[in-house]
Structures are given as structure tokens and as C-alpha cells.
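Proteins get letters first, then strands, A, B, ... in listed order; numbering begins at 1 in each.
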Protein chains: 2
Amino acid sequence: MRWNKISDAVVRRLPLYLRVLDQAVRDGDKRLMSSQELGERAGVSPALVRKDLAWFGEFGKQGVGYEVAYLRDELLRILNLDKVVNLAIVGMGALGHALARYSMDRYQRDSYYQLRVAALFDADPEKIGEQVGNLVIQSVDRLEEVLERERIRMVVVAVPASAAQEIVDRCVRAGARAILNFAPVHVTAPEHVYLAHTDLSLELERLAYYLED
Amino acid sequence: MRWNKISDAVVRRLPLYLRVLDQAVRDGDKRLMSSQELGERAGVSPALVRKDLAWFGEFGKQGVGYEVAYLRDELLRILNLDKVVNLAIVGMGALGHALARYSMDRYQRDSYYQLRVAALFDADPEKIGEQVGNLVIQSVDRLEEVLERERIRMVVVAVPASAAQEIVDRCVRAGARAILNFAPVHVTAPEHVYLAHTDLSLELERLAYYLED
DNA sequence: TAGATTGTTAATCGATTAACAATC
DNA sequence: TAGATTGTTAATCGATTAACAATC
């Protein structure tokens with residue numbers, strides 16, 4: 001089952017719903033939730049919640065709402081998070097470290113969090129061999145080899161701008177299907193690879209716009 | 001001069017243009033740039049480049065293009081980055097550290113980068129007193145006092161989800177005008193404060209959607 | 001002048017909201 | 001049954017692209 005043509009804007013909200021539902025399941029305070037309440041907690045209008053979910057199926061009951069545990073499981077399935085997803089982080093600067101720690105901690109703590117950090121890479125000989133959680137930072141020279149051997153198809157790129165495009169190219173050749181680029185540079189990938197960009201420095205800079213004089 | 005009503009989507013692209021122009025100024029390879037080339041380097045269509053810039057004035061010359069140094073300076077002014085902007089980071093976990101290091105390094109290195117990290121806060125007694133660059137992590141108890149004294153109006157929130165709303169509220173009361181929240185939770189602020197949210201775990205989770213089965 | 005490229009208006013595209021029949 | 005809430009269609013809103021007259 002593939003739901004192509006689903007817009008980015010929709011996909012972007014699914015993990016938000018997932019989080020609200022998972023929280024509700026944990027708290028165990030309610031078995032059912034309306035689009036009204038789900039929207040409120042996620043910061044999205046109720047109509048949009050219903051429309052987003054309707055792209056993937058009919059998960060609710062009229063007059064009743066959505067069963068939280070069921071909808072959470074469906075969202076996990078839709079997001080491919082119902083089974084372990086291996087993930088590599090390339091570039092173990094401060095940001096790479098932060099992302100690695102966060103994901104590792106969460107993978108251990110939350111049974112539902114199935115994003116597993118499977119490999120860490122850096123180009124700096126000083127960093128290679130360093131232990132982070134239960135992993136050792138490897139030389140980026142072994143990038144292709146390890147991605148292929150471990151069947152890693154999701155990669156976080158946190159290298160300097162000057163190296164980003166080359167790393168992306170190499171990940172693509174090694175079979176990556178989804179790449180999240182944190183380097184402050186516009187990079188490209190072939191159509192069949194999903195490439196997203198999160199640029200923290202751009203976020204900081206745009207924020208300054210809203211400081212009135 | 002205030003250009004209210006400029007959409008978020010437009011403001012979000014300005015730092016992108018700024019980066020391309022600044023790079024061109026540094027390289028010194030061209031004095032002029034067309035919307036075509038600026039767009040190509042930024043990953044934006046030429047028409048959109050022209051439209052975005054036109055919200056703020058007439059910066060180009062027909063048949064010629066934009067003067068890179070001039071347009072860069074105008075963008076710096078529009079983004080309020082033509083003078084030092086003080087910034088506080090609350091929550092010095094791995095992500096807070098990464099952001100602090102990044103901004104501090106860049107402030108030292110790039111003469112045009114005027115986002116100055118002016119204060120660091122954490123609630124953990126273990127971390128308070130720790131040196132990061134030329135700053136010492138302070139107790140979050142002193143948040144209001146320091147923000148007011150140092151006239152800090154831009155704040156990065158990198159605390160755990162459970163503390164985020166309280167920290168945002170306190171920043172608002174202490175005069176913050178622009179807040180960037182990294183905590184994985186939906187928080188709110190009054191109308192007069194600009195609040196943005198960057199959620200790295202949501203980014204990672206949505207990425208998994210694009211891994212085909 | 002001739003060619004190029006802006007600034008701007010109109011057309012298109014896409015995403016969100018409103019509304020409501022279906023139905024639990 | 002009566003009340004509530006979904007799933008879905010139509011209306012609205014906003015952002016991007018296309019086109020071109022103005023003009024350097």
C-alpha cells in the first residue's frame with residue numbers, strides 16, 4: 001500500500017498527532033478522542049485533523065470520535081514506525097552528538113520509538129573511535145560499506161556546508177531513501193530520494209525579523 | 001518603518017537570500033546577480049525571488065539585476081541583523097550546547113553575523129557555573145532578572161517538554177519578543193510575541209514516512 | 001539602439017476552513 | 001431516539017508561477 005501524492009504539509013502533521021495520541025495512551029485517561037480535542041492538543045484545526053486522517057482511511061466513528069490506541073497504531077504503521085528503522089548520523093559535531101543522544105535515549109526509554117541509531121560517522125581522526133552511547137564513531141570512509149551492510153536507508157547529515165553535497169551523493173549511491181540535511185547549504189538529490197532540510201541558523205536569523213525596532 | 005502583514009513564508013526565505021549574497025560578496029566574483037541566479041543558488045524560482053524582495057522596496061535595476069553588496073546590506077537591515085542582537089539560550093542540554101557553540105563561533109568568525117549569545121541558563125545545579133565559550137551557565141531562577149538587565153528580547157528554549165510552557169511564559173513577562181522553541185511540545189504565547197517551533201524529533205519521524213516498504 | 005531583467009498584475013495551484021449529510 | 005461527530009464536498013484563502021510592460 002502506497003499513498004503517493006500525499007502532500008508534505010499533511011505528512012508533517014502526522015507525527016504531531018502521533019505524539020498527542022501516544023501521550024493520551026500513556027496517561028490512560030481517555031479511550032476516545034474527538035478531532036476537536038486532538039486538534040486542540042496538536043495546535044491544528046479540527047477540520048484539518050479529520051481531512052489529514054481521511055487521506056489514509058476511515059479511522060473514526062461518527063458521533064463518537066477516534067479510539068486513541070487504535071489511531072496511534074495506525075499512525076505508527078502509516079509513518080513506517082511500526083518496526084525498527086535504522087538510521088545513520090554523519091558528522092558528529094555538537095549537533096550530531098545532540099541528535100545521537102536524543103534518539104538513543106528515546107529508543108531505550110519509549111517502547112514505541114523505533115528510530116534506531118545504527119551508525120555514526122565523522123571525518124576527523126580525533127573523533128573516530130570515540131564512544132557515543134553503545135556505538136563507536138566510524139570513519140566516513142566506510143560510509144557506503146556500512147550503510148549497505150546494515151541496510152540503513154535513513155541518514156541525518158550534520159557535516160559542514162562544504163562537505164554536505166558530497167555526503168548526500170554518497171549516501172544516495174549507498175541506497176539511502178530519506179535524508180535529513182542540517183548543513184547550512186542547499187543540496188540536491190535524485191527524485192527517488194526524499195531530501196529534507198532543517199537549517200538552525202536560518203531559523204535563528206529569521207527570528208530577528210520579528211524584533212520590532 | 002514596519003512591514004507588517006509580510007507572510008512567514010516570505011520572511012523564511014530572506015535569510016536564504018542573505019546567505020547566497022554574502023557568499024558572493026566574500027568570493028568577490030560578481031558585483032551583480034540576477035533573480036535567476038540568486039534563485040538557483042537559493043533553491044527558489046526567479047519569479048518568487050523578485051516577488052519576495054518587492055515587498056520591501058525596489059532593489060534591482062531592469063535589464064541589469066541586483067547589486068550583491070547593496071542587496072545584502074538591505075536584507076541585513078530588513079532582518080534587524082544590521083546591529084547586534086542579544087540572544088539567550090535556556091536549557092543547556094546537548095542541543096542547547098550545540099546552538100550556543102554554533103552561534104558563538106559564528107559571531108566571532110563572521111563580521112556580518114550579529115546574533116550574540118548573551119546569556120545561558122539551566123535548572124540543573126550540576127550545570128550551573130559551567131563555562132561555555134566566554135559565558136557561564138546561570139541558574140534559570142535568574143532568567144527574568146538577566147533578560148531585563150541585558151535587554152535580551154530573543155530567546156531560544158531548549159528545555160524538556162514539561163518545562164517549556166512555563167519558561168516561555170516567564171520569558172514573555174521579562175520582555176521577550178521572539179522565541180524559538182525546540183521542546184517537543186506545543187506551547188503558546190501572546191499575540192505580540194513571535195513564537196516559532198522547531199521540533200527535531202518530529203522531523204526525524206516524518207522522514208520515516210518516505211521509506212517505501 | 002537592442003537585449004536583458006526587473007517589478008507587478010493576472011492566472012494557477014494548493015492548502016485550509018466551512019458546512020453539512022451520513023451515521024454512530 | 002436525540003445528540004454528537006465523522007468523512008467529504010464546496011468555498012475560501014493564500015502562496016506560487018506565468019506573463020509582460022516598463023526601463024535600464
Side-chain angles (χ1 to χ4, degrees), chain A residues 3-17 20-21 24 30-72 74-75 78 186 196-197 202 206 209, chain B residues 3-17 20-21 24 30-72 74-75 78 186 196-197 202 206 209:
Chain A
W3 320 272
N4 258 331
K5 315 281 155 47
I6 303 290
S7 95
D8 243 52
V10 173
V11 174
R12 207 175 263 284
R13 285 186 293 265
L14 301 180
L16 211 55
Y17 303 146
V20 170
L21 292 163
K30 36 184 18 109
R31 213 174 61 80
L32 293 164
M33 198 179 282
S34 64
S35 59
Q36 169 76 43
E37 182 167 2
L38 176 46
E40 231 161 64
R41 297 206 197 180
V44 172
S45 78
L48 192 49
V49 169
R50 295 199 298 278
K51 199 157 204 306
D52 284 346
L53 297 175
W55 285 102
F56 303 97
E58 306 196 355
F59 303 115
K61 274 205 180 60
Q62 277 106 324
V64 178
Y66 300 90
E67 242 196 274
V68 293
Y70 171 69
L71 183 55
R72 181 200 55 173
E74 288 295 308
L75 283 173
I78 292 164
H186 175 70
H197 187 198
L202 293 184
R206 84 185 175 87
Y209 175 82
Chain B
W3 320 273
N4 259 330
K5 316 281 158 45
I6 303 290
S7 94
D8 244 50
V10 173
V11 174
R12 206 175 264 282
R13 285 186 293 265
L14 300 180
L16 210 56
Y17 303 147
V20 170
L21 292 162
K30 36 182 20 106
R31 212 175 61 80
L32 293 165
M33 198 179 282
S34 65
S35 59
Q36 170 76 42
E37 181 168 2
L38 177 46
E40 231 161 66
R41 297 206 196 181
V44 171
S45 78
L48 192 50
V49 169
R50 294 198 299 277
K51 200 157 205 304
D52 285 346
L53 297 174
W55 285 102
F56 303 98
E58 307 195 354
F59 302 116
K61 273 206 180 61
Q62 277 105 324
V64 179
Y66 301 90
E67 242 196 275
V68 293
Y70 172 68
L71 183 53
R72 181 200 55 173
E74 287 297 307
L75 284 173
I78 292 164
H186 176 70
H197 187 198
L202 293 185
R206 86 187 174 86
Y209 175 82

Across all chains, not counting sequence neighbours, the side chain to side chain contact (heavy atoms under 4.5 Å, CB included) partners of A:H197 are A:N181, A:D199
On a heavy-atom basis, which atom in A:D8 and which in B:R206 lie closest, and how many Å separate them? OD2-NH1, 3.6 Å
Report the C-alpha separation of A:E74 and A:L53 in whole Å, then their side-chain angles, then the decisive distance to 0.1 Å, and conclude whether the side-chain contact (heavy atoms from CB on, under 4.5 Å) test is met. CA-CA 10 Å; A:E74 288 295 308; A:L53 297 175; over 6 Å; no
Only pairs at least two apart or in different chains count here, so list each salt bridge (charged side-chain N to carboxylate O under 4.0 Å, His left out) that has a residue in residues 39-54 of chain B. B:R13-B:D52, B:E37-B:R41
Considering only heavy atoms of chain B and a distance under 4.0 Å, specify the first and last nucleotide of DNA chain D in 5' to 3' order that meet this criterion. D:dA15 to D:dC24
Please give me the minimum heavy-atom distance between A:M33 and A:V20, naming the atom from each residue. SD-CG1, 4.1 Å
Derivation of the side-chain contact (heavy atoms from CB on, under 4.5 Å) call for B:V10 and B:F56: CA-CA 11 Å; B:V10 173; B:F56 303 98; 4.2 Å; yes
Residues in contact with DNA chain D, drawn from residues 30-41 of chain A - heavy-atom cutoff 4.0 Å: A:S34, A:S35
Which heavy-atom pair separates A:I78 from B:Y209 by the least distance, and what is that distance? O-CD1, 3.5 Å
Between A:G39 and A:V49, what is the shortest heavy-atom contact and its length? CA-CG2, 3.6 Å
Using a 3.5 Å limit on both distances, find every run of at least three consecutive Watson-Crick or G-U pairs that involves DNA chain D. C:3-24 with D:3-24
Of A:G63 and A:A47, the one whose closest DNA chain C nucleotide lies more 5': A:A47
Show me the donor-acceptor pairs within less than 3.5 Å that the side chains of residues 61-72 of chain A make with the rest of the protein, sequence neighbours left out.
{"unit_1": "A:E67", "atom_1": "OE2", "unit_2": "A:R31", "atom_2": "NH1", "d": "3.4"}
{"unit_1": "A:R72", "atom_1": "NH1", "unit_2": "A:D22", "atom_2": "OD1", "d": "3.3"}

Minimum heavy-atom separation for B:P15 and A:L202, please, with both atom names. CB-CD2, 3.5 Å
